[in-house]
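Quick notes on the structure that follows.
First the proteins, then the strands, lettered A, B, ... as listed; each starts at 1. Note that this is a predicted model, so its numbers are computed, not measured. Because only heavy atoms are used, hydrogens play no part in the values below, and waters and symmetry mates are left out as well, while side chains stay in.
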Amino acid sequence: MARANDEAAALIQELADLLSITGGDAFKIRAYEKAARAIAGHPEDISTLGLAGLKKIPTVGEAIAKKLADYNATGTIRQVEELRAQIPAGVRALTAIPTLGPRKALVLYQELGVSSVAELSEAVERGRLRGLKGFGAKSEENIRHGIELMRQAGERVLVDVAAELADGIVAALRDVPGCRKITHAGSLRRMRETIGDVDVLAASDDPRPLMEAFTALPLVAEVIAGGDKKTSVRTTTGLQVDLRVVPPEAWGAALQYFTGSQAHNIRTREIAFRQGLKLSEYGLFDSDSGELVVSETEEEVYERLGLPWIPPTLREDGGEIEAAREGRLPRLVTAEDIRGDLHTHTDLTDGTAPLERMVAAAADRGLEYYAITDHAPNLVMQRMTDEKILAQRERIRELQKEYRDLTILHGAELNIDPDGGVDWDADFLAGFDVLVASVHSHFTQDRAAMTRRFVTACENPHVHVIGHPTARGIGRRAPVDADWDEVFAAAARTGTAMEIDCFPDRLDLPADLIRRALRYGVKFSIDTDAHAVAHFRNLRYGVGTAQRGWLTPDDVINTWPLDRLREFLSKKP
DNA sequence: GCCGTTTTCGGCCCGACTGTTTTCAGTCG
């Protein structure tokens, strides 16, 4: 289901990871990592490419092209299989724990025989790490905390993993005979940031062909339960997928029911009950006579309950029922409203595609404006210089001549230092069209210091957007600690937008903080933070998060026409 | 393993931070 590019990139990345555990040449490892990113971000489907085409992917040379050809032919890469035989998969999984890298993972495996996160957890609790060279009390605590962080994400997957799986299943079953309608429901339809299991709903008078086609899909590892109304499977990646088939006339009620949330459904059923009605996945019924009232569309169900249709992203019993009753549901921002992207990278820093390709892809997306915001010099590893960024500005001005409907903005992603300062002096900063400022270091400052840091950044007249504000990595790194009320007040006061970073493992700001910021009158920017052309498709997750934060197009500066945006950018005190 | 206006070899992502050391290895962005 996943794109061949993603699967192949994952294999090359795995090759890099396994080599770093076995102690391979660091430059070779880095070459694999670079190539993995380039492959994932490559616009062409690699399964359609021959050796020559594969070598045209930047950072892919003779050797990696051959490995990709190997993947195209066999679905795997021989060298990866060989290394897997040496290093259990669980050892590689250990490196997902913060502060645990490949070297320490290898020590744990060789000295203690630890080859899974569960085994490591047990070893920690039994004090088996004590005395192990390189592991002290602090390491033990870090590992314990890191495992806890992973457990919080639990067995859930990031929204993009679930979305791509669901899209693939829907596409594979859509044309099965008798299938009238099919879509995903559940927490994925509500665009939760992580998904526990995938719900797919189909309408058909004859469920059998659908169920048979479903269990025959190549991604199915195990059929947990198989019936006429519901079939549950576990995929090869361990995720549970439920397919429910309902009669076409019950579509609306079923979609409403299986979309949830449970809390939202409890509220809607209560409303039905008070009106002498009964709401179930089969329809809205008269309590006394048992007669069907409505069931065909969600709109009818809500309407009969005296409510307008409520967008799935609001269905959390977070005030949407009251808002619906009082006619103050927001007109939520959609992907179609987005006119521009204010945070993107090129291969001048850590992006994988050159400026020209990113801009061309932005034009293909139909964007009206597009900002290039490569990393600034204080993120030392990116090796940015004044000369390089000014040369980029020249190239952008040249390139602009080739585009009539797309305005290319020149920006940068600044680093907010521990005191709230940023790269470059005011004169230099004034030369940019738009500036995003982000926290990339010193994540563990205490709340007071972190709050001051953000407030100072907001007060900088050249900073327009605070990038991925909490700096969290879902299941990977805790958000920074700040007094967000104070930060949002400062953002509103200074006309600084808060970013909603679309990366599925960031989704930052998170929805709850978006809603909190909204109360202060903060404006937002929904940015892909694209490091490759393929990252543009993450927009849907950022938009979903913005919807969960109740945002309208007016709240989001990159839905605005360019002149209004420019006014916002220039009006900082 | 990749790459090239420094081109077929010799560079390549550098520096800070953390924790465990007692002079540094591992991790991270």
Sub-3.5 Å pairs of nitrogen or oxygen atoms, protein against nucleotides 3-10 of chain B:
residue	atom	partner	partner atom	Å
dC3(B)	OP1	Thr59(A)	N	2.9

What's the gap between [N] and [M] when it is taken at their [atom1] atoms, as a whole Å value?
| N | M | atom1 | value |
| --- | --- | --- | --- |
| dA16(B) | dG11(B) | P | 23 Å |
| dT7(B) | dC14(B) | C1' | 25 Å |
| dC13(B) | dG29(B) | C1' | 11 Å |
| dT8(B) | dC2(B) | C1' | 12 Å |
| dG26(B) | dT21(B) | P | 12 Å |
| dT23(B) | dC28(B) | P | 25 Å |
| dG10(B) | dC17(B) | P | 36 Å |
| dG19(B) | dC9(B) | C1' | 39 Å |

For residues 457-489 of chain A, which residue pairs qualify under ring-ring contact (aromatic ring centres under 6.0 Å, His included), counting only residues two or more places apart or in two chains?
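For residues 457-489 of chain A: His440(A)-His468(A), Phe454(A)-Trp484(A), Trp484(A)-Phe488(A).
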
For dC12(B) and Arg30(A) - does any side-chain N or O of the residue sit under 4.0 Å from the phosphate oxygens OP1/OP2?
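Result: no.
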
OP1, OP2 of dC28(B) versus side-chain N and O of Arg477(A): anything below 4.0 Å?
no

Given atom [atom1] of [X] and atom [atom2] of [N], what is their separation to the nearest angstrom?
| X | N | atom1 | atom2 | value |
| --- | --- | --- | --- | --- |
| Arg103(A) | dA25(B) | CZ | P | 12 Å |
| Leu106(A) | dG26(B) | CG | P | 10 Å |
| Phe27(A) | dG11(B) | CZ | P | 10 Å |
| Asp25(A) | dG11(B) | CG | C1' | 12 Å |
| Asn415(A) | dC14(B) | CG | C1' | 14 Å |
| Ile29(A) | dT27(B) | CD1 | P | 12 Å |
| Glu33(A) | dT27(B) | CD | C1' | 13 Å |
| Arg383(A) | dG29(B) | CZ | C1' | 15 Å |

The criterion is side-chain contact (heavy atoms from CB on, under 4.5 Å); which residues satisfy it with Thr99(A), sequence neighbours excluded?
Asn142(A)

Pairs touching [range] that satisfy salt bridge (Lys or Arg N to Asp or Glu O under 4.0 Å), sequence neighbours left out:
| range | value |
| --- | --- |
| residues 414-438 of chain A | Arg397(A)-Asp433(A) |
| residues 376-388 of chain A | none |
| residues 70-82 of chain A | Arg78(A)-Glu82(A), Glu81(A)-Arg84(A) |
| residues 348-364 of chain A | Glu356(A)-Arg395(A) |

Across all strands, who's sitting opposite dC14(B) as a Watson-Crick or G-U wobble pair, both distances under 3.5 Å?
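By the stated definition (distances under 3.5 Å), dG29(B) pairs with dC14(B).
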
Basic-acidic side-chain contact under 4.0 Å: Arg128(A), Glu122(A)
no

Gln110(A) and Val107(A): side-chain contact (heavy atoms from CB on, under 4.5 Å), yes or no, with the steps?
CA-CA 5 Å; Gln110(A) 287 180 333; Val107(A) 171; 5.8 Å; no

Could you pull out the protein-nucleic contacts involving nucleotides 17-21 of chain B (nitrogen or oxygen on both sides, under 3.5 Å)?
residue	atom	partner	partner atom	Å
dC17(B)	OP1	His442(A)	NE2	3.3
dG19(B)	OP1	Asn142(A)	ND2	3.3
dG19(B)	O3'	Ser139(A)	OG	3.3
dT20(B)	OP1	Gly136(A)	N	2.5
dT20(B)	OP1	Gly136(A)	O	3.1
dT20(B)	OP1	Ala137(A)	N	3.4
dT20(B)	OP1	Lys138(A)	N	3.4
dT20(B)	OP1	Ser139(A)	N	3.0
dT20(B)	OP1	Ser139(A)	OG	2.9

Under the ring-ring contact (aromatic ring centres under 6.0 Å, His included) test, residues paired with Phe503(A) that sit two or more places apart
His535(A)

Counting the atoms with a prime plus P, OP1 and OP2 as sugar-phosphate, which does Leu100(A) contact under 4.0 Å by heavy atoms, base, sugar-phosphate, or nothing?
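It contacts sugar-phosphate atoms only.
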
Does a sphere of radius 6.0 Å around NZ in Lys34(A) hold more than 12 heavy atoms from other residues, nucleotides or ligands, not counting ones at 6.0 Å or beyond?
no

